[in-house]
Amino acid sequence: MKFFIDTADIEEIRDLATTGMLDGVTTNPSLIAKSGRDFFEVLKDICAVVDGPVSAEVTALDAEGMIREGKTVAKLADNIVVKAPLTWDGLRACRALSSEGIKVNVTLCFSANQALLAAKAGATYISPFVGRLDDVNIDGMELIEDIRTIYDNYDLLQTEILVASIRSPNHVKDAALIGADVVTIPPSVLRQLADHPLTTKGLDAFMADWKKTGQKIPS
Ligand code: E4P
């Protein structure tokens, strides 16, 4: 399963890239606003740090506008993926951009039929938002299971399931159990994945015992 990081914070991206765990980045207009930076500048910086796919969202609401914006954004770097919303205009734009070889991540997906449409429109990624579904008392992971089943029913559907709106380490584990292709994870949740109280406790005990030996490993 690929790990994308869900942020436009370049310092977080630089730091987490050193782990070797980062396969890509997703941004959205809210994350760009949170960064307080210019859209093009921040995306150029991210693409300079990360070789994998970097999603940049268009903001036009009509298909023609999305196609124009998508082409502009795609010129920023070879690894840019144009992000478009799951509306009929977004699907039209997805079809047009995909047929020109531009990768598209269709975002704001909340149903299996929406995911089916995105795949038929040639999306490289579909982004179902599990956390926002959980927020309204609908099981987000059930949607991931449904999409996995549907996509696996048809060899022609090559769209990757990119689980978005991740809120906890359990979301990551559940997405992996279902066989999602990608998870996009907020930096704080990604850091939590390595944490376990028994790891901390065990390491503290090992270090205390090692100190008693008075030995050092030369480095
Ligand atoms: C990523 O592509 C999405 O925009 C993001 O995961 C949404 O997350 P949120 O629901 O926590 O805002």
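All ligand and atom numbering here is 1-based and tracks the order in the structure.
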Give yes if a backbone or side-chain nitrogen or oxygen of [X] is under 3.5 Å from a nitrogen or oxygen of ligand 1, and no if not.
X	answer
Thr107	no
Ser127	no
Lys83	yes
Thr184	no

Specify the protein heavy atom at minimum distance from [atom]: its residue, its atom name, and the distance to 0.1 Å.
atom	answer
atom 3 (C) of ligand 1	Phe129 CZ, 3.4 Å
atom 8 (O) of ligand 1	Ser165 CA, 3.4 Å
atom 12 (O) of ligand 1	Arg132 NH2, 2.8 Å
atom 5 (C) of ligand 1	Asp6 OD2, 3.0 Å
atom 4 (O) of ligand 1	Asn28 ND2, 2.7 Å

* Asked: Is it true that atom CG of Leu61 has more than 12 heavy atoms of other residues, nucleotides or ligands lying nearer than 6.0 Å?
  -> no

* Asked: For Arg167, is the nearest heavy atom under 4.0 Å from an atom of ligand 1?
  ->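 Distance cut 4.0 Å: Arg167 passes for ligand 1.
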
* Check each of Asp174, Asp134, Asp135 against Arg167 using the salt bridge (Lys or Arg N to Asp or Glu O under 4.0 Å) test, and report the only one that passes. => Asp135

* Asked: Checking side chain to side chain contact (heavy atoms under 4.5 Å, CB included) against Arg14, which of Val49, Asp9, Ile46 comes through?
  ->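 Result: among Val49, Asp9, Ile46, Val49 is the only option passing the side chain to side chain contact (heavy atoms under 4.5 Å, CB included) with Arg14.
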
* To do: Among Gln192, Glu11, Glu12, find the residue that satisfies the side chain to side chain contact (heavy atoms under 4.5 Å, CB included) test when tested with Pro187.
  => Glu12

* Structure fact -> Sequence neighbours excluded, the answer for ring-ring contact (aromatic ring centres under 6.0 Å, His included) partners of Phe3 is none

* Asked: Judged by modelled atom types alone, do Thr26 and Asp6 share a side-chain donor-acceptor pair under 3.5 Å?
  ->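 There is such a pair between these side chains.
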
* Can you run down the salt bridge (charged side-chain N to carboxylate O under 4.0 Å, His left out) pairs that involve residues 205-219, sequence neighbours left out, and say none if there aren't any? =>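 Salt bridge (charged side-chain N to carboxylate O under 4.0 Å, His left out) check on residues 205-219 returns Asp209-Lys212.
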
